[in-house]
Each structure stands twice: as C-alpha cells, then as structure tokens.
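What follows is a single structure, written as structure tokens, with notes after it.
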Amino acid sequence: MSLLLGVNIDHVATLRQARYALLPESPNAEPSVVEAALEAKAGGADSITVHVRGDRRHMQDADVFRVKEAVDLPLNLELGITDEMLDLALRLKPEFACLVPETREEVTTEGGLDVTALFGTVREAVNRLKSAGIKVSLFIDPVPEHIEAAARMGANMIELHTGAFANAEDPAEEIERLAAGARLGHGLGLQVNAGHGINYRNLPQLFTVPHLAELNIGHTIVSRAMTVGMRQAVAEMLEGMKGYRSSQ
Ligand SMILES: CC(=O)[C@@H](O)[C@H](O)COP(=O)(O)O
Ligand SMILES: NCC(=O)COP(=O)(O)O
C-alpha cells in the first residue's frame with residue numbers, strides 16, 4: 001500500500017481570514033476552502049485535514065461542514081481537547097479526529113500532546129469519539145512513554161510530530177527518534193502517521209522512518225499552490241512520496 005497523503009488546507013483559510021475575518025461566509029470571501037479541497041482531491045489527495053482552533057484563526061466551524069458535504073474524501077479533523085471542540089467533532093462526524101495540543105499564543109503547533117500527563121482526559125476524549133464511530137489519532141512527539149500510552153488508551157493511530165525534525169539544523173537525531181517511535185507504534189498495533197513542517201525538500205529524509213502509513217502536509221503545499229495551483233502542488237508532493245515504499 002502506498003504512503004497516503006492528507007492535505008491540510010488550514011492556510012487557505014488563513015489567506016481568506018486576512019481580509020474576511022469578520023465575514024468568512026460572505027459570497028465574496030476568497031480563497032474558497034471548498035474549492036481548495038476539491039482541487040487537492042483532483043491532484044490525488046487521499047484525505048483532507050482541517051484544524052479548527054479554539055481561536056478560529058483560520059478554519060471556521062462552517063468551513064469544515066461545507067468541506068465534508070462537498071468533497072468526497074475522508075476528512076481528518078484536528079482538534080484540541082475541549083468540550084467545545086469535542087461537541088463540534090461529534091456533530092461533524094469526520095472519518096478521523098486527531099487530538100492536538102493547543103495554546104492561544106502559539107504561532108503554530110509547537111509540540112505533541114502529553115498523553116501521559118493527560119492520560120485520563122485524553123482517554124475520555126478518545127472513547128467519546130470512538131463511540132461515535134470516529135477513528136482517533138493522537139498528535140504526539142516520538143516519546144516511547146507517549147506512544148505506549150496511546151496504545152494503552154485505545155487510540156487507532158498516532159501522528160508523530162515532525163516539527164523538531166523539520167526545524168533541526170542536523171535532523172539525523174530527530175530522524176532516529178522518529179524511526180524508533182514508528183517501530184514501537186507499529187509493534188503496538190497503532191497506525192503510524194506523521195506531520196508538521198514536512199516540505200518538498202525535507203520529505204526524502206523521512207524515507208528511513210519505517211511503517212509510515214500517512215503524511216499530513218499543509219503549509220508547504222498551500223505555499224507551492226500559490227505558484228502552480230493546488231492540483232499540481234498536491235501531485236508534485238505525491239510524486240515525491242512515491243520513493244518511500246521502495247526505500248523500506
Ligand atoms: C497539528 C498540526 O501540525 C497542523 O494542524 C498545524 O497545526 C497547522 O496549523 P497551524 O499552522 O495553525 O498550527
Ligand atoms: N498535522 C500536521 C498537518 O496537518 C500539517 O502541518 P503543516 O504541514 O501545515 O506544518
């Protein structure tokens with residue numbers, strides 16, 4: 001099975017909010033997140049990822065319902081563990097939900113969910129989402145205790161946070177941490193995904209990380225789409241991902 005690509009379209013909404021923050025549902029509001037998702041599908045995306053943040057800095061609640069309605073692809077909703085966001089997820093009923101840490105002051109997601117310190121809270125959220133038929137992923141750092149806790153609480157998947165890898169001067173150590181985490185997660189029966197900061201240049205460095213099922217990639221694809229359009233930006237990323245399986 002090929003390595004799957006989840007396209008995160010958050011930053012299409014970032015551009016829209018720059019002008020239409022007060023009127024995101026205006027008929028004039030652009031760019032359209034629905035059109036972006038449809039173009040991502042046309043480019044070959046396997047799923048669409050959207051992160052509705054508590055501060056609604058980019059994706060709005062209405063956006064994700066419209067994307068789910070209009071785009072025939074699995075939807076992966078990223079959310080913080082709050083009653084408000086869990087309620088949204090239970091109303092939306094996406095195929096997948098990925099529980100992520102969130103702080104209002106962060107520029108972007110800065111680390112993985114501390115699933116050991118928050119074990120009970122995370123497990124309750126996992127159970128509520130799974131009871132609604134939603135497959136649950138946990139966005140975590142490649143920390144063995146966190147991976148083991150994810151398996152123990154019944155998560156379906158983990159998404160290894162690749163931000164430290166993406167930001168590292170020399171990524172060798174981070175790549176080994178990710179590889180060890182992927183081996184452990186796979187061995188525990190978890191689907192192992194990865195995401196955050198992956199781009200067209202650093203992607204091949206991840207090919208030594210085994211057992212990856214899916215990459216969630218957004219910022220670099222939306223950035224590339226500024227030049228070549230979303231459909232081609234997605235197709236180019238998929239072309240780059242083709243070498244993964246043969247490198248395993
Ligand atoms: C959880 C994750 O890595 C992505 O959703 C990332 O958060 C993109 O959204 P932001 O740029 O708002 O962080
Ligand atoms: N969970 C990672 C994601 O959805 C996309 O992150 P990025 O590629 O925008 O950094």
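Atom set for the values below is all heavy atoms of this structure, side chains included, hydrogens, waters and symmetry mates excluded. These numbers come from a predicted model, not from an experiment. Order of listing sets the numbers, starting from 1, for every ligand and every atom in it.
Among protein heavy atoms, the minimum distance from atom 4 (C) of ligand 1 is reached at E78 OE1, 3.4 Å. The shortest contact between atom 7 (O) of ligand 1 and any protein heavy atom is with T109 OG1, 2.5 Å. Given atom 9 (O) of ligand 2, the protein heavy atom at minimum distance is H219 N, 2.9 Å. Scanning the protein for heavy atoms near atom 2 (C) of ligand 2, the closest one is E159 OE2, 3.3 Å. Atom 6 (O) of ligand 2 has as its closest protein heavy atom H196 CA, 3.6 Å.
Atoms of ligand 1 lying under 4.0 Å from at least one heavy atom of H196, given by number and element, are 2 (C), 3 (O), 6 (C). Within the listing of ligand 2, atoms 8 (O) sit less than 4.0 angstrom from a heavy atom of I217. Near H58, meaning under 4.0 Å from any of its heavy atoms, are these atoms of ligand 1: 9 (O), 10 (P), 12 (O). Less than 4.0 angstrom separates some heavy atom of F139 from each of these atoms of ligand 2: 1 (N). Each of the following atoms of ligand 1 lies closer than 4.0 Å to a heavy atom of H51: 5 (O), 7 (O), 9 (O). Short contacts between ligand 1 and D10, defined as distances under 4.0 Å to a heavy atom of the residue, involve ligand atoms 5 (O), 8 (C), 9 (O).
Here the shortest heavy-atom pairing between F119 and R152 reads CE1-NH2, 3.8 Å. The minimum heavy-atom distance linking Y20 with N28 is given by the pair OH-O, 3.2 Å. When all heavy atoms of A166 and G197 are compared, the closest pair comes out as CB-O, 3.3 Å. When every heavy atom of L188 is checked against every heavy atom of A151, the shortest pair comes out as CB-CB, 3.9 Å.
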Go through I81 and L113 one step at a time and tell me if the side-chain contact (heavy atoms from CB on, under 4.5 Å) criterion holds.
CA-CA 10 Å; I81 306 178; L113 200 57; 3.9 Å; yes
Taking it one step at a time, do E214 and N216 satisfy side chain to side chain donor-acceptor pair (under 3.5 Å)?
CA-CA 7 Å; E214 175 185 287; N216 282 298; 3.0 Å; yes
Kindly indicate, with the supporting measurements, whether the criterion side chain to side chain donor-acceptor pair (under 3.5 Å) is fulfilled by E102 and H51.
CA-CA 10 Å; E102 228 182 76; H51 183 181; 3.0 Å; yes
Using the side-chain contact (heavy atoms from CB on, under 4.5 Å) rule, take H146 and D114 through it: C-alpha gap first, then chi angles, then the decisive distance, then the call.
CA-CA 7 Å; H146 293 184; D114 186 344; 3.3 Å; yes
Between R66 and V33, is the side-chain contact (heavy atoms from CB on, under 4.5 Å) condition met? List the steps.
CA-CA 9 Å; R66 287 203 179 102; V33 296; 5.9 Å; no
Decide yes or no on side chain to side chain donor-acceptor pair (under 3.5 Å) for T49 and N76, but give the supporting numbers first.
CA-CA 5 Å; T49 290; N76 173 37; 2.9 Å; yes
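Ring-plane geometry between H11 and H58 is classed as perpendicular, the angle between the planes exceeding 60 degrees on a 0 to 90 degree scale with a lower cut at 30. Ring geometry for H211 against H186 counts as parallel: the plane angle stays under 30°, on a 0 to 90° scale with 60° as the upper cut.
Using a 4.0 Å cutoff on heavy atoms, E78 counts as a contact of ligand 2.
Contacts with ligand 1 closer than 4.0 Å are made by heavy atoms of both the backbone and the side chain of T108. Here H51 has no heavy atoms under 4.0 Å from ligand 2, in either its backbone or its side chain. With a 4.0 Å heavy-atom cut-off, ligand 1 is reached by the side chain of N8 but not by its N, CA, C or O.
By the neighbour-count criterion of 12 heavy atoms within 6.0 Å, atom CZ of R56 is densely surrounded, having more than that number from other residues, nucleotides or ligands.
Across the listed options A166, G6, G218, G218 owns the non-hydrogen atom lying nearest to atom 8 (O) of ligand 2. When C98, S223, G197 are ranked by how near their heavy atoms come to atom 10 (O) of ligand 2, first place goes to G197. Of the listed residues (H11, H219, H161), the one carrying the non-hydrogen atom nearest atom 11 (O) of ligand 1 is H11.
Backbone and side-chain nitrogen or oxygen atoms of T49 are examined, and none is located within less than 3.5 angstrom of a nitrogen or oxygen of ligand 2. For a threshold of 3.5 Å applied to N or O pairs, the pair formed by R57 and ligand 1 contains no separation below that value. For ligand 2, one of its N or O atoms has an N or O atom of N8 under 3.5 Å away.
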